[in-house]
Q: 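Mind having a look at this structure? Questions to follow.
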Amino acid sequence: MNFVDTHCHIQEPTYPDPEGAYQRALDVGVSAMLCVGTDFSSSQQAILFAAAHPAAWASVGIHPHEAKEGTKALDQLTKLLAVEKEKPKSKVVAIGECGLDYFYNHSSKIDQIAVLRSQIELAIRYDKALIFHIRDAFDDFWPIFDEYKDLRGAVHSFTDSQANLDKLIERGLYMGVNGIMTFTKHAWQQSLIKTAPLDRIILETDAPFLTPVPHRGTVNEPARVLQVANFLASIRDESLEDIAAITTHNARQIFFN
Ligand SMILES: [Zn+2]
């Protein structure tokens, strides 16, 4: 069996044991892990990590929390993508995580929206997928998303309403499912993944965060995508083989096509 962790941060210098985590992921059948940037320096680190590890890939972007650094970080990101474009084997497959976070509001809404738009435009210009981080902000997100055509990508760590899940599916986006679903106290969140079409689901860990049951209290790592897959299989009453095959196929469609 074969799994893809579509969202992790093991390239960060603060991550405790990236080499061990990488190896353990390979050992359980993770064939690809996508290292996601949240600012310019973590995006650079994602590129370096991916260059040194055959199964690692990079997404470069500015998290909505960092949107106040907007203009400077966007300039740096644009230059980075121009350099990547010239590489014969760039491992940058996506832009993100980018989006809107009105739960924390670490940056103003105006800055968040501007930086989101610029990143969508970069994804179009460089033909990359998008990894969205949207929290308590779908009402502002959909009208922006709908202004653009032919975007591909995922909403990572989706735990919002069924209505927003329906909108995501209508738009051809994918739902990133992680350890939250194994420990949430909200049955309605779990019901989202019971009925969502499997051909719209991708797996992720968000390592080092959101460690799934039964490993709560430890640092999360890409190998734990297996626990997410197992949980999904049991709640949907489907085989682990089907979950692995279809979510891996989905991830390849978006990122590695
Ligand atoms: Zn993340």
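Heavy-atom basis, side chains included; hydrogens, waters and symmetry copies ignored. Worth saying up front: this structure is predicted, and the values here are computed from it rather than measured.
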Q: Establish, from distance only, whether the side-chain atoms of Asn178 and Thr205 form a donor-acceptor pair under 3.5 Å.
A: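 Checked: Asn178/Thr205 side chains show no N/O donor-acceptor pair below 3.5 Å.
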
Q: Let me check something: do Leu77 and Leu151 share a hydrophobic cluster, defined by ILVMFWY side-chain heavy atoms less than 4.5 Å apart, either directly or through other members?
A: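 Yes, Leu77 connects to Leu151 through the hydrophobic network.
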
Q: Any salt bridge (charged side-chain N to carboxylate O under 4.0 Å, His left out) pairs touching residues 211-233, not counting sequence neighbours?
A: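 Passing the test, one end in residues 211-233: Arg24-Glu221.
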
Q: Side chain to side chain donor-acceptor pair (under 3.5 Å) with Gln190: which residues, sequence neighbours excluded?
A: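 Scan of Gln190 (side chain to side chain donor-acceptor pair (under 3.5 Å), adjacent residues dropped) gives none.
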
Q: Heavy atoms only: give me the nearest Ala251-Thr6 pair and the separation to one decimal.
A: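 Result for this residue pair: CB-CG2, 3.7 Å.
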
Q: Does Val60 form a side chain to side chain contact (heavy atoms under 4.5 Å, CB included) with Leu80? I'd like the steps, not just the answer.
A: CA-CA 9 Å; Val60 300; Leu80 193 74; 4.0 Å; yes

Q: Check whether more than 12 heavy atoms from other residues, nucleotides or ligands sit under 6.0 Å from atom CG of Asp27, and answer yes or no.
A: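 Check passes, neighbour count above 12.
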
Q: When you measure from the side chain of Thr184 to the backbone N and O of Ile180, does any donor-acceptor pair fall under 3.5 Å?
A: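 It does not hold such a pair.
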
Q: Provide the full list of ring pair (Phe, Tyr, Trp, His ring centres under 6.0 Å) pairs with a residue in residues 62-99, sequence neighbours left out, each pair given once.
A: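 Listed once each, the pairs are His63-His65, His63-His133, His65-Tyr104, His65-His106.
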
Q: Are side-chain N/O atoms of Thr78 and Asp75 paired as donor and acceptor at under 3.5 Å?
A: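 There is no such pair (donor and acceptor under 3.5 Å, judged by atom type) between the side chains of Thr78 and Asp75.
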
Q: Check Pro212 against Asn220 and note the closest heavy-atom contact, atom names and distance.
A: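 Result for this residue pair: CD-OD1, 3.5 Å.
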
Q: Could you please spell out the steps behind the side chain to side chain contact (heavy atoms under 4.5 Å, CB included) verdict for Lys128 and Val92?
A: CA-CA 8 Å; Lys128 305 290 181 196; Val92 175; 4.2 Å; yes

Q: Using a 4.5 Å cut-off between side-chain heavy atoms of Ile, Leu, Val, Met, Phe, Trp and Tyr, which other residues end up in the same hydrophobic cluster as Leu48?
A: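 Once heavy-atom contacts under 4.5 Å are chained together, Leu48 still belongs with nothing else.
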
Q: Can you measure from CD1 (Ile202) to CG (Asn250) and round to the nearest 0.5 angstrom?
A: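 Taking CD1 in Ile202 and CG in Asn250, the distance rounds to 8.0 Å.
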
Q: Do any N or O atoms from the side chain of Tyr22 and from the backbone of Met33 form a donor-acceptor pair under 3.5 angstrom?
A: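 Checking the backbone N and O of Met33 against the side chain of Tyr22, no donor-acceptor pair under 3.5 Å is found.
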
Q: Is there a side-chain contact between Met181 and Leu232, using heavy atoms and a 4.5 Å cut-off?
A: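 Counting from C-beta outward, Met181 and Leu232 never come under 4.5 Å.
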
Q: Through direct or indirect side-chain contacts below 4.5 angstrom among Ile, Leu, Val, Met, Phe, Trp and Tyr, which residues connect to Ile110?
A: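 Members alongside Ile110: none; it stands by itself.
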
Q: Nearest 0.5 Å please: distance from the CD1 atom of Ile62 over to the NZ atom of Lys68.
A: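 The distance works out to 12.0 Å.
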
Q: Show the nearest heavy-atom pair for residues Gly153 and Leu173, with the distance to one decimal.
A: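 In this case the closest contact between Gly153 and Leu173 is O-CD2, 3.3 Å.
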
Q: What are the two closest heavy atoms between Ala50 and Ala56, and how far apart are they?
A: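 Here Ala50 and Ala56 meet closest at CB-O, 3.4 Å.
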
Q: Ignoring hydrogens and geometry, is there a side-chain-to-backbone donor-acceptor pair from Thr248 to Ala245 under 3.5 Å?
A: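 No: the side chain of Thr248 does not pair with the backbone of Ala245.
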
Q: With side chains defined as the heavy atoms from C-beta onward, is the minimum distance between Ile124 and Ile120 less than 4.5 Å?
A: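 A side-chain contact under 4.5 Å exists here.
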
Q: Would you say Val115 ends up clustered with Tyr102 if hydrophobic residues are merged whenever their side chains have heavy atoms under 4.5 Å apart, either directly or through other cluster members?
A: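 Looking at the clustering, Val115 is in the same group as Tyr102.
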
Q: With sequence neighbours excluded, tell me which residues meet salt bridge (Lys or Arg N to Asp or Glu O under 4.0 Å) with Lys87.
A: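 With sequence neighbours excluded, Lys87 shows a salt bridge (Lys or Arg N to Asp or Glu O under 4.0 Å) to Glu84, given in chain and number order.
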
Q: If two hydrophobic side chains count as joined below 4.5 Å and joins carry through other members, does Leu203 share a cluster with Val4?
A: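 The answer is no; the residues belong to distinct hydrophobic clusters.
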
Q: Which salt bridge (charged side-chain N to carboxylate O under 4.0 Å, His left out) pairs, counting each pair once, include a residue from residues 152-164, with sequence neighbours left out?
A: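 As it turns out, the salt bridge (charged side-chain N to carboxylate O under 4.0 Å, His left out) pairs with a partner in residues 152-164, which skip direct neighbours, are Asp127-Arg152.
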
Q: Looking at Val219, is its backbone amide N or carbonyl O close enough to the side chain of Thr211 to form a donor-acceptor pair, meaning the two atoms are under 3.5 Å apart?
A: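 No: the side chain of Thr211 does not pair with the backbone of Val219.
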
Q: Taking a hydrophobic cluster as the set of Ile, Leu, Val, Met, Phe, Trp and Tyr residues connected by side-chain heavy atoms closer than 4.5 Å, whether directly or through intermediates, do Ile131 and Leu81 fall within one such cluster?
A: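 No: no chain of side-chain contacts under 4.5 Å links Ile131 to Leu81.
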
Q: Applying side-chain hydrogen bond (donor to acceptor under 3.5 Å, both in side chains), run through Glu97 and His9 and close with a yes or a no.
A: CA-CA 11 Å; Glu97 50 191 300; His9 302 282; 3.2 Å; yes

Q: Is there side-chain contact between Ile243 and Leu198, with heavy atoms separated by less than 4.5 Å?
A: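 Result yes, sub-4.5 Å side-chain heavy-atom pair found.
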
Q: Phe141 and Leu116: side chain to side chain contact (heavy atoms under 4.5 Å, CB included), yes or no, with the steps?
A: CA-CA 9 Å; Phe141 174 67; Leu116 167 61; 4.0 Å; yes

Q: Check whether Val36 and Val228 end up in the same hydrophobic cluster, where Ile, Leu, Val, Met, Phe, Trp and Tyr are linked by side-chain heavy atoms less than 4.5 Å apart.
A: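 In one cluster with Val36: Val228, no.
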
Q: Restricting to non-hydrogen atoms, name the atom on Ala55 and the atom on Leu26 that form the minimum distance, rounded to 0.1 Å.
A: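 Scanning both residues, the minimum pair turns out to be CB-CD2, 3.7 Å.
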
Q: Measure across Cys35 and Ala46 and return the closest heavy-atom pair with its distance rounded to 0.1 Å.
A: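 Closest approach of Cys35 to Ala46, heavy atoms only: O-CB, 3.5 Å.
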
Q: Looking at residues at least two apart in the chain, or sitting in another chain, which of them share a salt bridge (Lys or Arg N to Asp or Glu O under 4.0 Å) with Glu147?
A: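 Once residues adjacent in sequence are excluded, the partners of Glu147 under the salt bridge (Lys or Arg N to Asp or Glu O under 4.0 Å) criterion are Arg117.
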
Q: Could you tell me whether a side-chain N or O of Ser118 sits under 3.5 Å from a main-chain N or O of Ala114, the two making a donor and an acceptor?
A: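 Yes.
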
Q: Sort and list the pairs that fulfil salt bridge (charged side-chain N to carboxylate O under 4.0 Å, His left out) and have at least one residue in residues 199-210, not counting sequence neighbours.
A: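 The answer is none; no pair qualifies.
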
Q: At what distance, to the nearest 0.5 angstrom, does OG of Ser59 lie from CD of Gln11?
A: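 One finds 9.5 Å between OG of Ser59 and CD of Gln11.
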
Q: If I take atom CG from residue Leu130 and atom CG from residue Leu122, how far apart are they, to the nearest 0.5 angstrom?
A: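 Answer rounded to 0.5 Å: 9.5 Å.
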
Q: First locate atom CH2 of Trp188, then atom CD of Gln162, and finally report the distance between them rounded to the nearest 0.5 Å.
A: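 Result: 10.0 Å between the selected atoms.
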
Q: Check step by step if side chain to side chain contact (heavy atoms under 4.5 Å, CB included) holds for Phe40 and Glu66.
A: CA-CA 10 Å; Phe40 178 64; Glu66 313 297 332; over 6 Å; no

Q: Under the side-chain hydrogen bond (donor to acceptor under 3.5 Å, both in side chains) rule, what do Ser107 and Gln112 come out as? Steps first, then yes or no, please.
A: CA-CA 6 Å; Ser107 296; Gln112 291 189 45; 5.5 Å; no

Q: Does any pair with a residue in residues 202-257 pass ring pair (Phe, Tyr, Trp, His ring centres under 6.0 Å), and if so which ones, sequence neighbours excluded?
A: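 As it turns out, the ring pair (Phe, Tyr, Trp, His ring centres under 6.0 Å) pairs with a partner in residues 202-257, which skip direct neighbours, are Trp57-Phe256.
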
Q: Does anything in residues 232-257 form a salt bridge (charged side-chain N to carboxylate O under 4.0 Å, His left out)? List the pairs, not counting sequence neighbours.
A: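 For residues 232-257: Arg236-Glu238.
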
Q: Please name all residues satisfying ring-ring contact (aromatic ring centres under 6.0 Å, His included) with Phe138, sequence neighbours left out, ordered by chain then number.
A: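 Phe138 satisfies ring-ring contact (aromatic ring centres under 6.0 Å, His included) with Trp142, Phe158 only.
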
Q: Distance from Met175 atom CE to Asn164 atom CG, nearest 0.5 Å?
A: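 Here the rounded value is 11.5 Å.
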
